[in-house]
Structures are given as structure tokens and as C-alpha cells.
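Report on the following structure.
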Amino acid sequence: MSELKITLKAARVNAGFTVREAAKKLNVSPSTIIAWEKNPEKINALYQSKISDAYDVDVDNIIFLPQN
């Protein structure tokens, strides 16, 4: 049985972070968080790992590919 994958925005919301709080935790601007949530495929592997740690969700359970 495979784990369910969630969107980047869902991972942030489930972690209890606002856009501003997530930006502060990841040391990026709020506009970067918004851009990442709209285009998660543009996030490099280093930030994918940081996001996973900050949101306490395994990197394999967050969707980092564009949604069709």
C-alpha cells in the first residue's frame, strides 16, 4: 500500500504555517512560498529537503511535480 501524496500547500497548512510563517522558517520571501506552491516543479532538491523538514512530512509524500 503506497502513502498518499499531498500538495505543497496542503503540507504547509497541515503543519500549521501561514505563508509568512513558512517563509520565515525557510528563510525565503512570502512571494517565493506562493510561487513554489503554484509551480512546485521549480523547487530544487535542497529546498525540497528543507521544506520536508520544516513541514515534518517525508519528501516522498509531497508532490513536487506540476498538477494537470
Side-chain angles (χ1 to χ4, degrees):
M1 179 181 232
S2 65
E3 293 284 326
L4 291 177
K5 292 192 176 218
I6 60 173
T7 65
L8 190 56
K9 182 176 181 178
R12 174 181 56 77
V13 170
N14 288 344
F17 294 124
T18 64
V19 169
R20 186 173 285 251
E21 290 167 338
K24 186 172 183 178
K25 185 142 182 100
L26 293 165
N27 201 28
V28 298
S29 70
S31 62
T32 297
I33 298 294
I34 292 167
W36 283 348
E37 289 180 357
K38 289 181 181 178
N39 300 292
E41 71 278 7
K42 299 196 184 246
I43 305 171
N44 68 36
L46 176 64
Y47 272 106
Q48 288 180 6
S49 178
K50 288 182 179 187
I51 291 165
S52 170
D53 291 342
Y55 294 175
D56 196 27
V57 177
D58 191 280
V59 72
D60 292 332
N61 293 338
I62 301 174
I63 300 168
F64 287 109
L65 298 173
Q67 297 296 297
N68 294 331

Can you confirm whether [X] sits close enough to [Y] that some side-chain heavy atom of one is under 4.5 Å from a side-chain heavy atom of the other?
X	Y	answer
F17	I33	no
L26	T32	no
I51	I43	yes

Neighbour count >12 (heavy atoms, 6.0 Å) for atom CG, D56: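 It does not: D56 CG has 12 such atoms or fewer within range.
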
Surrounding CG of N27 (heavy atoms of other residues, nucleotides or ligands, distance under 6.0 Å), is the total greater than 12?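 At most 12 heavy atoms, drawn from other residues, nucleotides or ligands, come within 6.0 Å of this atom.
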
First locate atom [atom1] of [X], then atom [atom2] of [Y], and finally report the distance between them rounded to the nearest 0.5 Å.
X	Y	atom1	atom2	value
I6	N61	CD1	CG	7.5 Å
L65	T7	CG	OG1	12.5 Å
R12	E21	CZ	CD	9.5 Å
S29	K24	OG	NZ	14.5 Å

A11 to V57 - nearest heavy-atom pair and separation: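 Minimum heavy-atom contact is CB-CG2, 4.4 Å.
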
Treating Ile, Leu, Val, Met, Phe, Trp and Tyr as nodes and any side-chain heavy-atom pair under 4.5 angstrom as an edge, say whether V13 and I62 lie in one connected cluster.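 As far as the 4.5 Å side-chain criterion goes, I62 and V13 are not connected within one cluster.
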
Flag yes if F64 and I34 sit in one hydrophobic cluster, no otherwise; membership is Ile, Leu, Val, Met, Phe, Trp, Tyr, and two members link when side-chain heavy atoms are under 4.5 Å apart.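 Cluster IDs for F64 and I34 match.
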
Using only atom types and a distance under 3.5 Å, with no angle test, would you say the side chain of K5 pairs donor to acceptor with the backbone of D60?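 Indeed, once roles are kept as given, a pair shorter than 3.5 Å links the two residues.
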
